[in-house]
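The structure under discussion appears below in the form of structure tokens.
As a basis for the values below, the full set of heavy atoms in this structure was taken, side chains included, without hydrogen atoms, waters or symmetry mates.
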Amino acid sequence: MQASDHIPAPEGDPVAPAGRTTHKTPWLPSPGTARRLRRAGIARVLVTGCLVRVSLRGEITAREADSLAAQLRDLVQDGCRHLIVDLSEVTYLAREGAGVFFGTLRALRAVGGTLAVRGACPRSAATLHCLGMGRLAE
């Protein structure tokens with residue numbers, strides 16, 4: 001993770017729901033985390049305190065789902081409490097790929113965290129809606 005990978009959260013993005021406190025200690029990934037994330041098809045990881053933005057790229061199929069799930073689970077275990085997943089560079093989102101967000105959301109909720117999905121194309125948004133996850137993408 002380079003210093004250029006750290007950016008402030010843009011205005012209008014909720015970091016934590018009203019009434020919840022956020023951790024004051026910034027979350028920093030372990031040295032090999034960024035490399036593993038990129039190998040799992042994750043284009044960028046931006047960290048601001050306990051808020052992590054993950055930008056995905058390409059096709060997210062059943063083949064990539066297991067690796068992606070493991071990497072997102074590792075982020076939560078390493079201290080990430082608020083996760084924004086950017087799907088603006090995703091060309092195809094399979095049901096198995098979208099299903100990864102169920103486990104991630106469950107892990108984040110267990111530690112008082114949040115998950116939001118941004119930038120989904122109409123096709124990817126339809127997949128999320130079919131799985132009952134449309135509220136994540138709004």
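- In this structure, S124 and V90 approach most closely via the heavy-atom pair OG-CG1, 4.2 Å.
- For residues 91-103, no residue pair satisfies the side-chain hydrogen bond (donor to acceptor under 3.5 Å, both in side chains) rule, not counting sequence neighbours.
- Of all heavy-atom pairs spanning A62 and A94, the tightest one is N-CB, 4.4 Å.
- A distance of 6.0 Å separates OG of S55 from CG of L46, quoted to the nearest 0.5 Å.
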Check the pair V52, I84 against side chain to side chain contact (heavy atoms under 4.5 Å, CB included), reporting the backbone distance first and the verdict last. CA-CA 6 Å; V52 178; I84 297 174; over 6 Å; no
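- For the pair L108 and H82, the tightest heavy-atom approach, listed with the atom from each and the gap, is CD2-N, 4.4 Å.
- For V100 against A69, the heavy-atom pair with the smallest separation is CG1-CA, 3.6 Å.
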List the steps and the verdict of side chain to side chain contact (heavy atoms under 4.5 Å, CB included) for L83 and T114. CA-CA 6 Å; L83 179 64; T114 59; over 6 Å; no
From CA spacing to verdict: side chain to side chain contact (heavy atoms under 4.5 Å, CB included), E89, R44: CA-CA 11 Å; E89 295 180 46; R44 286 179 303 281; 2.8 Å; yes
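- Shown are V54, T104, V47, I42; of these, the side-chain contact (heavy atoms from CB on, under 4.5 Å) with L75 is made only by V54.
- Here the CG-CG distance, from L68 to L56, works out to 5.5 Å after rounding to the nearest 0.5 Å.
- For the atom pair SG of C80 and CG of L51, the computed distance is 7.5 Å after rounding to the nearest 0.5 Å.
- Side-chain contact, E64 with S67: no donor N or O sits under 3.5 Å from an acceptor N or O.
- Atoms CG and CZ, on L115 and R106 in that order, are 12.0 Å from each other to the nearest 0.5 Å.
- The heavy-atom pair separating A98 from L128 by the smallest distance is CB-CD2, 3.9 Å.
- Smallest separation of non-hydrogen atoms from I60 and G97: CG2-CA, 3.6 Å.
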Start with the C-alpha gap between F101 and L131, add the side-chain angles, then the distance that decides, and say whether side chain to side chain contact (heavy atoms under 4.5 Å, CB included) holds. CA-CA 10 Å; F101 303 130; L131 294 174; over 6 Å; no
